[in-house]
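Read through the structure below, which is laid out as structure tokens, and then see the notes.
Numbers here simply count residues along the sequence, with the first being 1. In what follows, every heavy atom counts, from backbone to side chain, and hydrogens, waters and symmetry copies are set aside. These figures come from a predicted structure and were not determined experimentally.
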Amino acid sequence: MALTPKDHLRHRLQGRFARESVAYCLLMPEHGFMGHWYTWTNDRGEGGRAFVLHGAGPEPIFFDHQDGLPVGDQDFDDWSLAGAQLQVGEPLMGAKASFQSDELSIEFEFEGLHPAFDYNSNASGTPSYLAENRYEQGGRIVGRLTWQGKVYEFDGPGHRDHSWGTRDWDAIHHYKWIAAAGRDCSTNVMWTLAEGEIDINGYVYRDSVQSPVVSVSIDTKYGDDSVQDAITAHIVDADGRESVLSLDRRHTLARWDVSPTFNFTDTLFTGTLAGHEVISYVEYTWPRAYLDHLLARDN
């Protein structure tokens, strides 16, 4: 099912793991930061919001999270929840967002570089354990972060996503989620091992052409504590183009548990996509028990 102009709004949710979420990835290597603005809701009219600021790691340097909040009948075109706000401009293209707390405030604008890409446009569609559908979009993010008495201006590539439907973390063995954007190019790759199978989703946008990913091979070099330190991805899209994504400089790290059983290892890289400079949010995931095994074995 293709995206519609109303898919930036809330969707009907049902089922045990029903969830809808909107996320903005704020990439600030010039300041040594990566930010994650995030809000969500479930099928019971409860929601939450979080803002996470990543630095050298391994712990986030700022983490403010609230869940179980009543969201009422408000929608994502004019959303306000415990200090997090979102207003949509042109549907599926532009938006304004902010977060305010006693310790930190941030406000920014997003403008899409290309049309939003939904995972149902990939050959095998959106994996059933991940969502009913999900869209990803690279773009330009301009804003201001105020924290610990300092103001940080930022203006550069960024990324956002919106998903709705099932989100069953414990059905997933491991995934590699990579969102890279430059001034004139973008890619999103999600390589997932779940239910004994590999699923591949995402797109490549370059030379003014956007095309679904059909295959990808990813080579990761791990450093201390099984953290991704360098990544090379060979991506083939539906137009037959081969694009090499080379991420060779890691700027930030944040390792945290999204649930008691499932861990995120989030990193900010700079590198190139088909020779074009990009900034990239890279998230690798592991079952918590498996990651603990790796850490105990290697240490």
Side-chain angles (χ1 to χ4, degrees), residues 23 25 27 29 34 54 57 117 119 121-127 129-131 134 136-138 157 159 161 163 169 171-182 185-206 210-255 258 262-287 290-291 294-295 298:
C25 303
L27 311 177
M34 181 167 70
H54 308 178
F117 178 88
Y119 280 6
S121 296
N122 289 118
S124 58
T126 306
Y129 51 81
L130 193 63
R134 173 188 183 103
E136 307 272 355
Q137 190 173 31
H159 189 86
D161 65 57
S163 67
W169 294 117
I172 302 169
H173 306 307
H174 170 61
Y175 74 62
K176 296 176 173 70
W177 182 84
I178 302 172
C185 63
S186 172
T187 188
N188 171 249
V189 171
M190 190 163 198
W191 183 103
T192 315
L193 175 60
E195 301 173 353
E197 303 295 335
I198 294 173
D199 293 306
I200 295 173
N201 290 94
Y203 68 87
V204 173
Y205 173 78
R206 64 181 179 88
Q210 182 169 296
S211 184
V213 170
V214 295
S215 68
V216 61
S217 62
I218 301 173
D219 177 45
T220 305
K221 293 182 179 179
Y222 293 93
D224 295 340
D225 295 325
S226 295
V227 171
Q228 55 268 20
D229 270 354
I231 297 163
T232 302
H234 294 264
I235 309 166
V236 178
D237 63 38
D239 284 6
R241 299 180 301 177
E242 298 184 11
S243 302
V244 176
L245 176 65
S246 177
L247 304 175
D248 57 4
R249 184 181 178 192
R250 179 168 62 80
H251 298 266
T252 68
L253 164 66
R255 175 166 273 167
V258 68
F262 203 70
N263 180 265
F264 282 175
T265 301
D266 292 349
T267 46
L268 168 64
F269 281 89
T270 50
T272 59
L273 172 65
H276 299 256
E277 292 186 359
V278 292
I279 307 173
S280 184
Y281 192 127
V282 177
E283 182 171 86
Y284 280 19
T285 67
W286 312 98
Y290 182 69
L291 177 61
L294 293 180
L295 296 178
D298 296 341

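Ring geometry for Tyr281 against Trp177 counts as perpendicular: the plane angle is over 60°, on a 0 to 90° scale with 30° as the lower cut.
Within the 4.5 Å cutoff, no side-chain heavy atoms of Glu136 are placed close to those of Asn201. Considering only heavy atoms from C-beta on, Val258 stays 4.5 Å or farther from Glu283 through its side chain. Between Thr192 and Ile172 the shortest side-chain heavy-atom distance falls below 4.5 Å. Residues Pro157 and Val278 form no side-chain contact, since every pair of their non-hydrogen atoms from C-beta on lies 4.5 Å or further apart. Counting heavy atoms from C-beta outward, Leu245 and Val189 have side chains that stay 4.5 Å or more apart. Between Asp266 and Met34 there is a side-chain heavy-atom pair separated by less than 4.5 Å.
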Between Ile231 and Tyr284, does a side chain to side chain contact (heavy atoms under 4.5 Å, CB included) hold up when you go through it step by step? CA-CA 11 Å; Ile231 297 163; Tyr284 280 19; 3.7 Å; yes
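Of the possible polar contacts, none joining the Ser211 side chain to the Asp237 backbone as a donor-acceptor pair under 3.5 Å is found. A distance-only check finds no donor-acceptor pair linking the side chain of His234 to the backbone of Val216 [under 3.5 Å]. The backbone N or O of Gly202 lies less than 3.5 Å from a partner atom in the side chain of Asn122, making a donor-acceptor pair. Of the possible polar contacts, none joining the Arg206 side chain to the Ser243 backbone as a donor-acceptor pair under 3.5 Å is found. Here the side chain of Thr285 pairs a donor or acceptor atom with the backbone of Tyr175 at under 3.5 angstrom. Ser280 places no side-chain N or O within donor-acceptor distance of the main-chain N or O of Thr270, the cut-off being under 3.5 Å.
The OG atom of Ser217 sits 9.0 Å away from the CD1 atom of Ile200 when rounded to the nearest 0.5 Å. Rounding to the nearest 0.5 Å places OG1 of Thr187 at 9.5 Å from NE2 of His159. In this structure, CH2 on Trp191 lies 7.5 Å from CD1 on Ile218, to the nearest 0.5 angstrom. Put simply, CD1 on Ile178 and OG1 on Thr220 are 7.0 Å apart, with the number rounded to the nearest 0.5 Å. Taking CD1 of Ile198 as the start and NE2 of His173 as the end, the distance is 10.5 Å to the nearest 0.5 Å.
Considering only residues two or more places apart in sequence or on other chains, Thr267 meets the side-chain contact (heavy atoms from CB on, under 4.5 Å) condition with Val227, Gln228, Arg250, Leu253, Phe269, Val282.
For Phe264 and Trp169, the distance between ring centers is under 6.0 angstrom.
Residues Cys185 and His276 share a closest heavy-atom pair of SG-CB, 3.5 Å. Here the closest non-hydrogen pair linking Tyr203 and Ser186 is OH-OG, 2.7 Å. Residues Arg255 and Leu295 approach most closely at NH1-CD2, 3.9 Å, considering heavy atoms. Nearest heavy atom pair, residue Val204 against residue Arg241, reads O-NH2, 3.4 Å.
Counted by atom type alone, Asp161 and Ser163 present zero donor-acceptor pairs between their side chains at under 3.5 Å. Defined by atom type and a distance below 3.5 Å, a donor-acceptor pair is missing between the side-chain atoms of Asp199 and Tyr119.
In this structure, Arg249 places its CZ atom where only 12 or fewer heavy-atom neighbours from other residues, nucleotides or ligands lie under 6.0 Å away.
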